[in-house]
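Reviewing the structure listed below.
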Amino acid sequence: MGRANKVVLAYSGGVDTSVCIPYLKEEWGVQEVITLAADLGQGEELGPIKQKALDSGAAASLVEDGREVFVTDYVFPSIQANALYENRYPLSTALARPLIAKMLVEAAEKYGADAVAHGCTGKGNDQVRFDVGIMALNPNLQVLAPAREWGMSREETIAYGEKFGIPTPVKKSSPYSIDRNLLGRSIEAGPLEDPMTEPPEEIFAMTTALAETPNDPEYVEIGFEKGLPVSLNGQALSPIELITQLNEKAGRHGVGRIDMIENRVVGIKSREIYEAPALLVLVHAHRDLESLTLTADVTQYKRGIEETYANLVYQGLWYSPLKAALDAFIKETQGAVNGVVRVKFYKGNATIVGRRSNNSIYSPDLATYTSDDQFDHKAAEGFIYIWGLPTRVWAEKNK
Ligand code: ARG
């Protein structure tokens with residue numbers, strides 16, 4: 001009782017976040033619950049969600065379009081960082097959380113709330129991302145997480161909600177837990193909890209089954225400026241449009257599925273299936289363009305930065321000082337990352353088949369094996385003498 005007077009609650013329209021509304025009021029003595037539904041392209045109708053929050057007892061129900069900021073300020077920097085958690089997961093869910101945290105904090109400040117709340121349980125990564133994001137942005141705000149404490153089963157949660165007029169889910173609820181936004185879908189639980197079980201085709205919504213993909217390949221040319229994707233097939237597109245169109249094109253060819261056992265922040269291994277067609281293609285295309293435009297040492301040094309960056313994003317440290325420092329490094333490297341990458345979609349593959357750039361430091365005169373060759377072969381001998389000197393001296397002593 002008496003934990004907070006006015007609370008801004010992250011709201012999705014689902015049973016758990018709906019039940020949070022009466023729970024906060026009845027069990028924890030909160031006077032006023034303001035819900036905030038962030039539109040990050042989850043494709044849900046937000047009109048009904050707005051009303052549902054009010055029906056569930058919210059004093060006010062906010063719906064905010066965060067899609068543009070999401071892509072520009074969260075997704076694009078991550079593409080410049082070539083961020084793939086454990087070398088595979090492009091962070092499609094993880095990237096949304098720091099933005100939602102920011103929207104919650106801004107609403108709390110605007111409406112004079114003393115706490116923010118979310119419906120995450122204690123087992124996942126998202127609670128970490130919300131809690132740490134919120135404390136980084138406003139250390140004076142309390143964070144309330146009822147589902148981490150209430151100890152109710154799914155059935156008990158539904159029954160609790162019914163007492164307060166929250167309707168039982170109409171569809172027999174799916175065994176899967178699904179998170180989705182503009183970037184893709186994350187699917188876990190149900191039969192997927194057995195790591196040996198092949199993901200059933202029915203769980204996918206953005207990617208075509210291989211058996212049904214087109215029999216002809218499709219090519220797309222992605223244009224980058226300063227490491228940011230700006231065009232498809234020569235047509236300039238807004239960030240949202242670009243992601244949307246690329247999701248459609250790549251997804252149609254079955255590109256963008258990931259099946260992995262990942263290491264969560266809280267120490268659990270979990271089996272997650274992702275589909276994130278555009279984001280995966282963009283990371284691979286961007287990395288390829290860097291190979292044409294960045295020096296060897298920057299490219300190789302940046303790999304380590306990228307891995308740390310992906311870990312920070314996954315682990316909820318978006319607003320940390322180390323993340324800000326890595327951002328500065330990455331930004332410094334992107335000035336030359338301009339050009340076009342040609343990608344071929346075919347039967348689940350996105351193969352990079354070409355790249356060009358006005359900033360290319362690939363030199364045909366140096367690389368060629370024809371008579372145009374400008375490389376000074378004789379200079380190699382002296383270079384190798386000095387390069388190998390320490391090894392030779394060591395060998396003379398020890399062999
Ligand atoms: N494992 C992913 C992450 O931590 C997705 C989490 C949400 N997944 C879900 N199926 N609800 O970023």
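Values in this document were obtained by computation on a predicted structure and should not be read as measured data. All ligand and atom numbering here is 1-based and tracks the order in the structure. Heavy-atom basis, side chains included; hydrogens, waters and symmetry copies ignored.
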Has ligand 1 got any nitrogen or oxygen that is less than 3.5 angstrom from a nitrogen or oxygen of R97?
-> no

Is it true that the NZ or CZ of R356 lies under 6.0 Å from the centre of Y362's six-membered ring and within 45 degrees of the ring axis?
-> no

Shortest protein heavy-atom distance from atom 11 (N) of ligand 1, along with the residue and atom involved | S177 OG, 2.9 Å

Does CG belonging to N358 count more than 12 external heavy atoms closer than 6.0 Å?
-> no

Can the ring centres of Y301 and F329 be said to be less than 6.0 Å apart?
-> yes

Measure the distance from atom 1 (N) of ligand 1 to every protein heavy atom, then report the residue, atom name and distance (to 0.1 Å) of the closest one.
-> E262 OE2, 2.6 Å

Part of R129 with heavy atoms under 4.0 Å of ligand 1, whether side chain, backbone, both or neither = side chain

Is V337 linked to V230 within one hydrophobic cluster, defined over Ile, Leu, Val, Met, Phe, Trp and Tyr using a side-chain heavy-atom separation of less than 4.5 Å?
-> no

for atom 2 (C) of ligand 1, nearest protein heavy atom and its distance come out as Y274 OH, 3.1 Å

Which part of Y89 is near ligand 1, with near meaning a heavy atom under 4.0 Å away: side chain, backbone, both or neither?
-> side chain

Which of the atoms of ligand 1 are close to S186, meaning less than 4.0 Å from one of its heavy atoms?
-> 5 (C), 8 (N), 9 (C), 10 (N)

Tell me which one of I273, D126, I187, I178 gets a heavy atom nearest to atom 7 (C) of ligand 1.
-> D126

N125 heavy atoms within 4.0 Å reach ligand 1 at atoms 3 (C), 4 (O)

Which word best sums up how the rings of F70 and Y74 line up, parallel for under 30°, tilted for 30 to 60°, or perpendicular for over 60°?
-> tilted

Within 45° of the six-membered ring axis of F204 and under 6.0 Å from that ring's centre, is NZ or CZ of R257 located there?
-> yes

Among all protein non-hydrogen atoms, which one is nearest to atom 8 (N) of ligand 1, and what is the separation to 0.1 Å?
-> E272 OE2, 3.2 Å

Hydrophobic cluster identity match, L141 and L24, side-chain contacts under 4.5 Å = no

